[in-house]
Q: 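Quick one: the structure is below, questions incoming.
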2 protein chains.
Amino acid sequence: MANTPQPGTRERIVRAASLLMQRQGYEGTGIKQVAQEARATLGSVYHFFPGGKQAVGVAAVRHADHEFAELLSASLSEEADPAKAVAVCARTLAHHLRDSGWVDGCPISATALETTGRVPAIEHAVAQAFQHWRDLVADRLREAGFPEGDADDLATTVISTLEGAELTAQVLKSETPLTVAGEHLARLIDSYKR
Amino acid sequence: MANTPQPGTRERIVRAASLLMQRQGYEGTGIKQVAQEARATLGSVYHFFPGGKQAVGVAAVRHADHEFAELLSASLSEEADPAKAVAVCARTLAHHLRDSGWVDGCPISATALETTGRVPAIEHAVAQAFQHWRDLVADRLREAGFPEGDADDLATTVISTLEGAELTAQVLKSETPLTVAGEHLARLIDSYKR
DNA sequence: TACTGGATAAAACGTTCGTTCTAGCTTGTG
DNA sequence: CACAAGCTAGAACGAACGTTTTATCCAGTA
């Protein structure tokens, strides 16, 4: 959506890094592999990212943050009922995951787990993404009339559960964990209504 | 529990690998680092694991599988009400995570995400672990009188949510995601009663 | 036309990776 | 005491890692 027809070199590097890190994690992705996949040279990578691999990693995480935020916002605004919207979102994730051959799960969780407590810059970008997504859900719930406390707690669990269900679905190569998680989340949200 | 007072070399290697892979993932953990941490030599590692790094990885995942299964079984049998048991389990995980300085999350999720679709042997061990844990919860729910279909679905979501909440808690360095997820899961399970 | 700065290209750095190999050590049985 | 088998020790392999360096290209401006 709204992609520049010919993304510049910097943009190609970030996208390639984001995709590779989604599938192989941060440690499993090499700078040279990123350059090759982005059809850029090593010189270009270090030109745009003097901070080296860590800087590329941070940019890739931020890119993934924005991408998933768009998908989330779209899902949340499609349905009038936020409970239904969450279920729809879970199904959408399940289809994307299946269509990719079970390789495209959450774009940052692999990176998150590998770098937590060891690479502060990436750790921080990951935390920002999680909070960002959480806030999107919380805002939608407040907007639908849920009290502040309930909305915050529910939003936290929605993100956690979607995250975990995507991991489980990927590992088991099955859409079921995501679809049932979506329905359970809808049921949970409904139980807070009124 | 029931640790041999002086674990043998093989056991030390598996434990060290499991711990390091929990914190740094599969790609981020080197064979030499495993050997050093286990107070073993490279020769010993390749003596016990002729399959190399992959074989060590599989053994480490299986070790983590059994360890977490024990924690899960203990939590589930401590409380008469399985809904309460799940909430207690979430709190236990939160405390362990906090006490470790936010580094000891789920022992296999980092490895799972890095290797899925790329290292079949490890992929398989990870899937077995998830199913194993899921079955423990499902059995407990059936035992408590939940119908088969409900028990299976709930067990899937319990594992998914615990997994995701642990990831979120680790990333945000907060116990909250795990504790509220535990309470939400208890509420969800209760909503299926009768 | 000459110059300048951003961007690209490619070779090479030292280090670490997973793995292999050949000794040497221990231990228990004949 | 001898001898195999199980285990440990440590050096060495080629390949890949992240990074640095030097040179070249190519806009846009004066």
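Within every chain, numbering begins at 1; the chains are lettered A, B, ... in the order of the sequence lines, protein sequences first and strands thereafter. Note that the coordinates shown come from a computational prediction; the quantities given were computed from them, not determined experimentally. All values below were derived from every heavy atom in this structure, side-chain atoms included, with hydrogens, water molecules and symmetry-related copies excluded.
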Q: Please, which pairs that meet side chain to side chain donor-acceptor pair (under 3.5 Å) have at least one residue in residues 100-109 of chain A, sequence neighbours excluded?
A: A/Arg23-A/Asp104
Q: I'd like a table of atom pairs between the protein and nucleotides 4-6 of chain D - only N or O on both sides, under 3.5 Å - with the distance next to each one.
A:
none

Q: D/dT8, OP1 or OP2 - any side-chain N/O from B/Thr41 closer than 4.0 Å?
A: no
Q: Assigning hydrophobic clusters by single linkage (Ile, Leu, Val, Met, Phe, Trp, Tyr; side-chain heavy-atom cutoff under 4.5 Å), is A/Phe146 placed with A/Leu76?
A: yes
Q: To the nearest angstrom, how far is A/Ile13 atom CD1 from C/dT8 atom C1'?
A: 11 Å
Q: State which residues pass side chain to side chain contact (heavy atoms under 4.5 Å, CB included) with A/Glu143; sequence neighbours excluded, sorted by chain then number.
A: A/Arg140
Q: Hey, can you pull the donor-acceptor pairs under 3.5 Å for the side chains in residues 173-182 of chain B, sequence neighbours left out?
A:
{"unit_1": "B/Lys173", "atom_1": "NZ", "unit_2": "A/Glu123", "atom_2": "OE2", "d": "2.4"}
{"unit_1": "B/Ser174", "atom_1": "OG", "unit_2": "B/Thr176", "atom_2": "N", "d": "3.0"}
{"unit_1": "B/Ser174", "atom_1": "OG", "unit_2": "B/Thr176", "atom_2": "OG1", "d": "3.1"}
{"unit_1": "B/Glu175", "atom_1": "OE2", "unit_2": "B/Arg98", "atom_2": "NE", "d": "2.8"}
{"unit_1": "B/Glu175", "atom_1": "OE2", "unit_2": "B/Arg98", "atom_2": "NH2", "d": "3.4"}
{"unit_1": "B/Thr179", "atom_1": "OG1", "unit_2": "B/Glu175", "atom_2": "O", "d": "3.4"}
{"unit_1": "B/Thr179", "atom_1": "OG1", "unit_2": "B/Thr176", "atom_2": "O", "d": "3.0"}

Q: Could you list the protein-to-nucleotides 14-21 of chain C atom pairs, N/O on both sides, closer than 3.5 Å?
A:
{"unit_1": "C/dG18", "atom_1": "OP1", "unit_2": "B/Thr29", "atom_2": "O", "d": "3.4"}
{"unit_1": "C/dG18", "atom_1": "OP1", "unit_2": "B/Lys53", "atom_2": "NZ", "d": "2.9"}
{"unit_1": "C/dG18", "atom_1": "OP2", "unit_2": "B/Ile31", "atom_2": "N", "d": "2.9"}
{"unit_1": "C/dG18", "atom_1": "O6", "unit_2": "B/Lys32", "atom_2": "NZ", "d": "3.1"}
{"unit_1": "C/dT19", "atom_1": "OP2", "unit_2": "B/Tyr46", "atom_2": "OH", "d": "2.8"}
{"unit_1": "C/dT19", "atom_1": "OP2", "unit_2": "B/Lys53", "atom_2": "N", "d": "2.8"}
{"unit_1": "C/dT19", "atom_1": "O5'", "unit_2": "B/Tyr46", "atom_2": "OH", "d": "3.3"}

Q: List for me each residue that meets side chain to side chain donor-acceptor pair (under 3.5 Å) alongside A/Trp133, sequence neighbours excluded, and say none if there are none.
A: A/Asp65
Q: Once salt bridge (charged side-chain N to carboxylate O under 4.0 Å, His left out) is applied, do any residues pair with A/Arg118, and if so which ones, sequence neighbours excluded?
A: A/Glu27
Q: Using a cut-off of less than 4.0 Å, is there contact between a side-chain N or O of A/Thr9 and OP1 or OP2 of C/dT8?
A: yes
Q: Tell me every residue that passes side chain to side chain donor-acceptor pair (under 3.5 Å) with B/Ser18, counting only those two or more places apart in sequence or in another chain.
A: none
Q: So, is A/Ser44 close to the C/dT8 phosphate, meaning a side-chain N or O under 4.0 Å from OP1 or OP2?
A: yes
Q: B/Phe49 CZ to D/dT8 C1': how many Å, rounded?
A: 15 Å
Q: Applying side chain to side chain donor-acceptor pair (under 3.5 Å), name anything that partners A/Thr161, two or more places apart in sequence or on another chain.
A: B/Thr161
